[in-house]
Visitor: 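Mind having a look at this structure? Questions to follow.
First listed ligand is number 1; within each ligand, the first listed atom is number 1. Quick note: residue numbers are just sequence positions, from 1.
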Amino acid sequence: MIRTVEWRDNAVVLIDQRLLPEREVYRVYRDYRKLAQAIRDMVVRGAPAIGVTAAFGIALGMMQARRDPEATFARICETFASTRPTAVNLFWAIARMQKRFAATRGAGLAAVRAAMLAEAQAIYEEDRAANRALGHFGAKLLPRRVRVLTHCNAGALATAGYGTALGVIRAAREQGKEVSVLATETRPFLQGARLTAWELVRDGVPVTLITDNMAADRMRRGEVDCVIVGADRIAANGDVANKIGTYGLAVLARAHRLPFYVAAPLSTLDRECPSGEDIVIEERPPEEVTHCGGRRVAPAEVAVANPAFDVTPARFVSALITERGVIRAPYRQQIQRLFRAHERVR
Ligand code: MRU
(Lines give C-alpha, C1' and ligand atoms only; values in the text may rest on other atoms or scores of the structure.)
Protein backbone atom coordinates (compact mmCIF):
# COMPACT_ATOMS: atom_id res chain seq x y z
CA MET A 1 0.00 0.00 0.00
CA ILE A 2 1.34 3.44 -0.94
CA ARG A 3 1.25 5.78 2.06
CA THR A 4 0.84 9.23 0.52
CA VAL A 5 -0.20 11.16 3.62
CA GLU A 6 -0.66 9.94 7.18
CA TRP A 7 -1.14 11.15 10.72
CA ARG A 8 1.41 9.43 12.96
CA ASP A 9 2.49 10.28 16.53
CA ASN A 10 1.08 13.82 16.46
CA ALA A 11 2.79 14.60 13.15
CA VAL A 12 1.92 14.50 9.45
CA VAL A 13 4.02 12.14 7.35
CA LEU A 14 4.31 12.62 3.57
CA ILE A 15 6.10 10.58 0.96
CA ASP A 16 8.26 13.14 -0.89
CA GLN A 17 6.82 12.90 -4.41
CA ARG A 18 9.56 15.11 -5.83
CA LEU A 19 12.08 12.33 -5.28
CA LEU A 20 10.10 9.45 -6.79
CA PRO A 21 10.80 7.07 -8.45
CA GLU A 22 14.49 7.22 -7.55
CA ARG A 23 14.09 7.48 -3.79
CA GLU A 24 11.27 6.64 -1.38
CA VAL A 25 11.68 9.23 1.37
CA TYR A 26 9.09 9.98 4.07
CA ARG A 27 9.12 13.44 5.66
CA VAL A 28 7.72 14.14 9.10
CA TYR A 29 6.00 17.53 9.69
CA ARG A 30 5.41 18.87 13.18
CA ASP A 31 4.95 22.51 12.12
CA TYR A 32 1.87 23.40 10.05
CA ARG A 33 3.69 26.21 8.21
CA LYS A 34 6.27 23.76 6.89
CA LEU A 35 3.47 21.43 5.84
CA ALA A 36 1.80 24.28 3.90
CA GLN A 37 5.14 24.93 2.21
CA ALA A 38 5.32 21.22 1.30
CA ILE A 39 2.01 21.61 -0.59
CA ARG A 40 3.42 24.65 -2.45
CA ASP A 41 6.63 22.78 -3.26
CA MET A 42 4.72 19.70 -4.51
CA VAL A 43 6.14 17.32 -1.90
CA VAL A 44 2.49 16.28 -1.92
CA ARG A 45 0.24 17.02 -4.90
CA GLY A 46 -2.99 15.85 -6.52
CA ALA A 47 -6.30 17.47 -5.59
CA PRO A 48 -7.67 15.01 -2.98
CA ALA A 49 -4.23 14.50 -1.39
CA ILE A 50 -3.83 18.27 -1.01
CA GLY A 51 -7.24 18.47 0.71
CA VAL A 52 -6.43 15.64 3.11
CA THR A 53 -3.00 17.13 3.89
CA ALA A 54 -4.52 20.54 4.64
CA ALA A 55 -7.09 18.94 6.97
CA PHE A 56 -4.33 17.14 8.90
CA GLY A 57 -2.32 20.39 8.78
CA ILE A 58 -5.13 22.31 10.48
CA ALA A 59 -5.32 19.62 13.18
CA LEU A 60 -1.53 19.86 13.53
CA GLY A 61 -1.68 23.67 13.81
CA MET A 62 -4.26 23.42 16.56
CA MET A 63 -1.94 21.03 18.47
CA GLN A 64 0.60 23.87 18.39
CA ALA A 65 -1.98 26.49 19.50
CA ARG A 66 -1.51 27.86 23.00
CA ARG A 67 -3.99 30.72 23.33
CA ASP A 68 -6.76 32.46 21.37
CA PRO A 69 -7.94 29.37 19.46
CA GLU A 70 -10.31 31.40 17.20
CA ALA A 71 -7.55 33.67 15.84
CA THR A 72 -5.04 30.83 15.61
CA PHE A 73 -7.52 28.66 13.72
CA ALA A 74 -8.30 31.45 11.25
CA ARG A 75 -4.58 32.04 10.63
CA ILE A 76 -3.90 28.35 10.02
CA CYS A 77 -6.80 28.09 7.56
CA GLU A 78 -5.55 31.16 5.67
CA THR A 79 -2.07 29.66 5.45
CA PHE A 80 -3.38 26.50 3.79
CA ALA A 81 -5.85 28.36 1.57
CA SER A 82 -2.97 30.36 0.07
CA THR A 83 -0.92 27.31 -0.99
CA ARG A 84 -2.40 26.36 -4.39
CA PRO A 85 -5.48 27.97 -5.98
CA THR A 86 -6.99 25.46 -8.42
CA ALA A 87 -7.76 22.18 -6.63
CA VAL A 88 -11.11 22.77 -4.94
CA ASN A 89 -10.59 19.80 -2.61
CA LEU A 90 -8.26 22.08 -0.63
CA PHE A 91 -11.02 24.66 -0.01
CA TRP A 92 -13.61 21.94 0.52
CA ALA A 93 -11.45 20.36 3.25
CA ILE A 94 -10.82 23.75 4.92
CA ALA A 95 -14.57 24.47 4.88
CA ARG A 96 -15.25 21.12 6.56
CA MET A 97 -12.69 21.86 9.25
CA GLN A 98 -14.24 25.33 9.76
CA LYS A 99 -17.69 23.85 10.18
CA ARG A 100 -16.41 21.35 12.75
CA PHE A 101 -14.47 24.09 14.54
CA ALA A 102 -17.61 26.23 14.75
CA ALA A 103 -19.45 23.28 16.31
CA THR A 104 -16.87 23.16 19.15
CA ARG A 105 -17.62 26.75 20.25
CA GLY A 106 -17.30 26.99 24.03
CA ALA A 107 -15.31 23.78 24.36
CA GLY A 108 -11.80 23.66 25.88
CA LEU A 109 -8.63 23.48 23.78
CA ALA A 110 -8.26 19.71 24.34
CA ALA A 111 -11.77 19.07 22.99
CA VAL A 112 -11.15 21.37 20.02
CA ARG A 113 -7.92 19.51 19.20
CA ALA A 114 -9.66 16.14 19.42
CA ALA A 115 -12.47 17.36 17.14
CA MET A 116 -10.01 18.73 14.57
CA LEU A 117 -8.11 15.47 14.41
CA ALA A 118 -11.32 13.43 14.21
CA GLU A 119 -12.57 15.56 11.29
CA ALA A 120 -9.26 15.26 9.42
CA GLN A 121 -9.26 11.48 9.94
CA ALA A 122 -12.83 11.35 8.61
CA ILE A 123 -11.83 13.30 5.50
CA TYR A 124 -8.94 10.87 4.97
CA GLU A 125 -11.12 7.77 5.40
CA GLU A 126 -13.92 9.17 3.24
CA ASP A 127 -11.51 9.89 0.41
CA ARG A 128 -10.23 6.32 0.47
CA ALA A 129 -13.79 4.97 0.47
CA ALA A 130 -14.85 7.36 -2.33
CA ASN A 131 -12.01 6.17 -4.54
CA ARG A 132 -12.97 2.53 -4.01
CA ALA A 133 -16.59 3.31 -4.85
CA LEU A 134 -15.90 5.40 -7.94
CA GLY A 135 -13.37 2.82 -9.10
CA HIS A 136 -16.09 0.19 -8.92
CA PHE A 137 -18.56 2.32 -10.94
CA GLY A 138 -15.93 3.34 -13.49
CA ALA A 139 -14.68 -0.20 -14.03
CA LYS A 140 -18.14 -1.24 -15.17
CA LEU A 141 -17.81 1.17 -18.12
CA LEU A 142 -14.76 -0.65 -19.44
CA PRO A 143 -14.82 -3.65 -21.80
CA ARG A 144 -13.09 -6.95 -20.81
CA ARG A 145 -9.91 -6.01 -22.66
CA VAL A 146 -9.08 -2.34 -22.67
CA ARG A 147 -6.18 0.01 -23.39
CA VAL A 148 -6.54 3.16 -21.29
CA LEU A 149 -4.66 6.38 -21.84
CA THR A 150 -4.19 8.48 -18.70
CA HIS A 151 -2.53 11.83 -18.03
CA CYS A 152 -0.68 13.21 -15.03
CA ASN A 153 -1.05 11.14 -11.84
CA ALA A 154 -4.53 10.50 -10.52
CA GLY A 155 -3.45 7.53 -8.45
CA ALA A 156 -2.84 6.60 -4.83
CA LEU A 157 -0.21 9.34 -4.70
CA ALA A 158 -2.79 11.99 -5.63
CA THR A 159 -5.33 10.85 -3.03
CA ALA A 160 -5.55 9.28 0.43
CA GLY A 161 -5.19 5.95 -1.38
CA TYR A 162 -6.21 3.83 -4.42
CA GLY A 163 -6.66 6.80 -6.77
CA THR A 164 -9.37 8.16 -9.04
CA ALA A 165 -8.41 7.47 -12.68
CA LEU A 166 -5.98 4.79 -11.47
CA GLY A 167 -8.67 3.63 -9.03
CA VAL A 168 -10.88 2.82 -12.02
CA ILE A 169 -8.00 0.88 -13.57
CA ARG A 170 -7.29 -0.97 -10.30
CA ALA A 171 -10.97 -1.84 -9.84
CA ALA A 172 -11.25 -3.09 -13.43
CA ARG A 173 -8.34 -5.43 -12.81
CA GLU A 174 -9.95 -6.60 -9.56
CA GLN A 175 -13.06 -7.37 -11.66
CA GLY A 176 -10.88 -9.63 -13.82
CA LYS A 177 -10.55 -7.24 -16.77
CA GLU A 178 -7.43 -7.14 -18.88
CA VAL A 179 -6.24 -3.55 -18.66
CA SER A 180 -3.13 -1.99 -20.13
CA VAL A 181 -2.22 1.65 -19.74
CA LEU A 182 -0.57 4.33 -21.84
CA ALA A 183 0.79 6.97 -19.47
CA THR A 184 1.75 10.39 -20.80
CA GLU A 185 4.92 11.76 -19.23
CA THR A 186 3.12 15.05 -18.37
CA ARG A 187 5.59 17.85 -18.92
CA PRO A 188 6.78 19.91 -17.20
CA PHE A 189 6.58 18.25 -13.77
CA LEU A 190 6.52 14.68 -15.14
CA GLN A 191 3.82 13.32 -12.84
CA GLY A 192 3.08 10.65 -15.48
CA ALA A 193 6.66 9.51 -16.04
CA ARG A 194 7.68 9.65 -12.40
CA LEU A 195 4.55 8.84 -10.43
CA THR A 196 1.93 7.05 -12.57
CA ALA A 197 4.59 4.81 -14.13
CA TRP A 198 5.99 4.07 -10.65
CA GLU A 199 2.59 3.18 -9.18
CA LEU A 200 1.57 0.95 -12.07
CA VAL A 201 4.90 -0.86 -12.40
CA ARG A 202 4.77 -1.50 -8.65
CA ASP A 203 1.26 -3.00 -9.02
CA GLY A 204 2.26 -5.12 -12.02
CA VAL A 205 -0.11 -3.27 -14.37
CA PRO A 206 1.15 -3.31 -17.98
CA VAL A 207 2.07 0.32 -18.66
CA THR A 208 3.77 2.04 -21.58
CA LEU A 209 5.18 5.51 -21.07
CA ILE A 210 4.81 7.99 -23.94
CA THR A 211 5.75 11.64 -24.29
CA ASP A 212 2.78 14.01 -24.39
CA ASN A 213 3.11 14.61 -28.14
CA MET A 214 2.73 10.89 -28.94
CA ALA A 215 -0.91 10.62 -27.85
CA ALA A 216 -2.44 11.63 -31.20
CA ASP A 217 -0.36 9.10 -33.10
CA ARG A 218 -1.28 6.25 -30.72
CA MET A 219 -4.96 7.10 -31.14
CA ARG A 220 -4.74 7.28 -34.94
CA ARG A 221 -3.08 3.84 -34.95
CA GLY A 222 -6.04 2.44 -32.97
CA GLU A 223 -3.95 1.70 -29.87
CA VAL A 224 -6.20 3.50 -27.36
CA ASP A 225 -9.73 2.46 -26.34
CA CYS A 226 -10.53 5.28 -23.94
CA VAL A 227 -9.03 8.15 -21.94
CA ILE A 228 -9.47 8.37 -18.14
CA VAL A 229 -8.20 11.37 -16.18
CA GLY A 230 -8.76 12.91 -12.76
CA ALA A 231 -9.79 16.50 -12.01
CA ASP A 232 -8.78 19.42 -9.82
CA ARG A 233 -12.10 21.22 -10.01
CA ILE A 234 -15.32 20.48 -11.85
CA ALA A 235 -17.60 23.48 -12.34
CA ALA A 236 -21.38 23.35 -11.91
CA ASN A 237 -21.80 23.03 -15.69
CA GLY A 238 -19.41 20.06 -15.92
CA ASP A 239 -16.34 21.93 -17.24
CA VAL A 240 -13.22 20.21 -15.91
CA ALA A 241 -9.96 21.79 -14.74
CA ASN A 242 -7.16 19.24 -14.74
CA LYS A 243 -3.44 19.00 -15.47
CA ILE A 244 -2.31 21.07 -18.45
CA GLY A 245 -2.65 18.94 -21.57
CA THR A 246 -5.95 17.35 -20.55
CA TYR A 247 -7.95 19.58 -22.90
CA GLY A 248 -5.79 18.54 -25.86
CA LEU A 249 -6.38 14.89 -25.03
CA ALA A 250 -10.15 15.46 -24.82
CA VAL A 251 -10.17 17.08 -28.27
CA LEU A 252 -8.08 14.21 -29.65
CA ALA A 253 -10.39 11.64 -28.07
CA ARG A 254 -13.39 13.32 -29.72
CA ALA A 255 -11.62 13.39 -33.11
CA HIS A 256 -10.94 9.65 -32.80
CA ARG A 257 -14.41 8.84 -31.40
CA LEU A 258 -12.98 7.55 -28.11
CA PRO A 259 -14.71 7.91 -24.72
CA PHE A 260 -13.16 10.58 -22.52
CA TYR A 261 -13.90 9.84 -18.85
CA VAL A 262 -13.23 12.04 -15.82
CA ALA A 263 -13.00 10.22 -12.47
CA ALA A 264 -13.36 12.39 -9.36
CA PRO A 265 -14.98 12.34 -5.90
CA LEU A 266 -17.81 14.77 -5.07
CA SER A 267 -15.26 16.84 -3.12
CA THR A 268 -13.86 17.89 -6.53
CA LEU A 269 -17.25 19.21 -7.74
CA ASP A 270 -17.61 22.93 -7.10
CA ARG A 271 -21.28 23.92 -7.24
CA GLU A 272 -20.37 27.52 -6.42
CA CYS A 273 -18.33 27.80 -9.61
CA PRO A 274 -20.65 28.39 -12.60
CA SER A 275 -18.26 27.36 -15.39
CA GLY A 276 -14.65 26.65 -16.30
CA GLU A 277 -14.20 30.36 -17.07
CA ASP A 278 -14.43 31.04 -13.34
CA ILE A 279 -11.69 28.61 -12.29
CA VAL A 280 -8.42 30.21 -11.17
CA ILE A 281 -5.55 28.51 -12.98
CA GLU A 282 -2.29 28.33 -11.06
CA GLU A 283 0.82 29.65 -12.81
CA ARG A 284 3.91 27.70 -11.67
CA PRO A 285 7.54 28.89 -11.62
CA PRO A 286 9.25 29.18 -15.06
CA GLU A 287 12.10 26.90 -13.96
CA GLU A 288 9.74 23.93 -14.22
CA VAL A 289 9.71 24.54 -18.00
CA THR A 290 13.20 25.89 -18.64
CA HIS A 291 14.83 23.06 -16.67
CA CYS A 292 14.64 19.30 -16.89
CA GLY A 293 16.11 17.10 -14.14
CA GLY A 294 17.74 20.19 -12.60
CA ARG A 295 19.49 21.09 -15.87
CA ARG A 296 18.66 24.16 -17.96
CA VAL A 297 17.32 23.20 -21.41
CA ALA A 298 16.20 26.67 -22.63
CA PRO A 299 18.01 29.99 -22.96
CA ALA A 300 18.00 32.12 -19.80
CA GLU A 301 16.33 35.08 -21.59
CA VAL A 302 13.31 33.24 -22.97
CA ALA A 303 9.78 34.15 -21.81
CA VAL A 304 7.93 31.18 -20.30
CA ALA A 305 4.29 30.26 -19.76
CA ASN A 306 3.62 27.60 -17.15
CA PRO A 307 -0.10 27.20 -16.36
CA ALA A 308 -0.42 24.07 -14.24
CA PHE A 309 -3.95 23.27 -15.46
CA ASP A 310 -6.32 23.74 -18.37
CA VAL A 311 -10.09 23.59 -18.71
CA THR A 312 -11.88 20.95 -20.76
CA PRO A 313 -15.39 22.10 -21.75
CA ALA A 314 -18.11 19.72 -20.56
CA ARG A 315 -19.14 18.89 -24.14
CA PHE A 316 -15.94 16.84 -24.53
CA VAL A 317 -16.59 14.74 -21.41
CA SER A 318 -18.30 11.41 -22.13
CA ALA A 319 -19.03 10.75 -18.45
CA LEU A 320 -18.11 11.85 -14.94
CA ILE A 321 -17.33 8.92 -12.66
CA THR A 322 -18.05 9.66 -8.97
CA GLU A 323 -18.49 7.63 -5.79
CA ARG A 324 -22.26 8.11 -6.17
CA GLY A 325 -22.33 6.73 -9.71
CA VAL A 326 -21.66 7.73 -13.29
CA ILE A 327 -23.30 10.81 -14.79
CA ARG A 328 -23.52 12.09 -18.35
CA ALA A 329 -24.68 15.31 -20.02
CA PRO A 330 -26.62 17.48 -19.35
CA TYR A 331 -24.12 17.94 -16.52
CA ARG A 332 -25.65 20.95 -14.77
CA GLN A 333 -28.85 19.04 -14.03
CA GLN A 334 -27.10 15.73 -13.37
CA ILE A 335 -24.64 17.30 -10.92
CA GLN A 336 -27.51 18.93 -9.01
CA ARG A 337 -29.41 15.64 -8.95
CA LEU A 338 -26.32 13.80 -7.70
CA PHE A 339 -25.85 16.20 -4.78
CA ARG A 340 -29.54 16.13 -3.86
CA ALA A 341 -29.40 12.30 -3.68
CA HIS A 342 -26.10 12.45 -1.75
CA GLU A 343 -27.47 14.93 0.80
CA ARG A 344 -30.61 12.83 1.32
CA VAL A 345 -28.47 9.79 2.16
CA ARG A 346 -26.19 11.78 4.52
O1 MRU B 1 -0.13 19.80 -10.14
P2 MRU B 1 -0.67 18.51 -9.59
O3 MRU B 1 0.30 17.36 -9.71
O4 MRU B 1 -1.21 18.67 -8.20
O5 MRU B 1 -1.89 18.17 -10.52
C6 MRU B 1 -2.61 17.00 -10.30
C7 MRU B 1 -3.65 16.74 -11.33
O8 MRU B 1 -3.87 17.51 -12.23
C9 MRU B 1 -4.49 15.51 -11.13
O10 MRU B 1 -4.90 14.99 -12.35
C11 MRU B 1 -5.73 15.87 -10.30
O12 MRU B 1 -5.35 16.51 -9.12
C13 MRU B 1 -6.54 14.70 -9.98
S14 MRU B 1 -5.79 13.69 -8.76
C15 MRU B 1 -6.83 12.46 -8.30
Visitor: Is the charged tip of R194 near the ring of F189: under 6.0 Å from the six-membered ring centre and within 45° of its axis?
Guide: yes
Visitor: Measure the acute angle between the ring planes of F101 and F73, then classify it against the limits of 30° and 60° as parallel, tilted or perpendicular.
Guide: parallel
Visitor: Between R45 and E282, is there a side-chain N and carboxylate O pair less than 4.0 Å apart?
Guide: no
Visitor: Applying side chain to side chain contact (heavy atoms under 4.5 Å, CB included) between L195 and each of L20, L166, T186, report the one that passes.
Guide: L20
Visitor: Look at D16 together with R27 and state whether they make a salt bridge at an N to O cut-off of under 4.0 Å.
Guide: yes
Visitor: Between the protein and ligand 1, are there any N or O atom pairs that come within less than 3.5 Å of each other, and if so, what are their names and distances?
Guide:
{"from": "ligand 1", "atom 1": "1 (O)", "to": "R84", "atom 2": "NH2", "distance (Å)": "2.8"}
{"from": "ligand 1", "atom 1": "1 (O)", "to": "K243", "atom 2": "NZ", "distance (Å)": "2.7"}
{"from": "ligand 1", "atom 1": "3 (O)", "to": "R45", "atom 2": "NE", "distance (Å)": "2.8"}
{"from": "ligand 1", "atom 1": "3 (O)", "to": "R45", "atom 2": "NH2", "distance (Å)": "3.3"}
{"from": "ligand 1", "atom 1": "3 (O)", "to": "Q191", "atom 2": "NE2", "distance (Å)": "2.8"}
{"from": "ligand 1", "atom 1": "4 (O)", "to": "G46", "atom 2": "N", "distance (Å)": "2.9"}
{"from": "ligand 1", "atom 1": "4 (O)", "to": "R84", "atom 2": "NH1", "distance (Å)": "2.8"}
{"from": "ligand 1", "atom 1": "8 (O)", "to": "D232", "atom 2": "OD1", "distance (Å)": "2.8"}
{"from": "ligand 1", "atom 1": "8 (O)", "to": "N242", "atom 2": "OD1", "distance (Å)": "3.2"}
{"from": "ligand 1", "atom 1": "8 (O)", "to": "K243", "atom 2": "N", "distance (Å)": "3.2"}
{"from": "ligand 1", "atom 1": "10 (O)", "to": "N242", "atom 2": "OD1", "distance (Å)": "2.7"}
{"from": "ligand 1", "atom 1": "12 (O)", "to": "A47", "atom 2": "N", "distance (Å)": "2.8"}
{"from": "ligand 1", "atom 1": "12 (O)", "to": "D232", "atom 2": "OD1", "distance (Å)": "3.1"}
{"from": "ligand 1", "atom 1": "12 (O)", "to": "D232", "atom 2": "OD2", "distance (Å)": "3.1"}

Visitor: Is the shortest distance from a Lys or Arg side-chain nitrogen in E223 or R147 to a carboxylate oxygen in the other one below 4.0 Å?
Guide: no
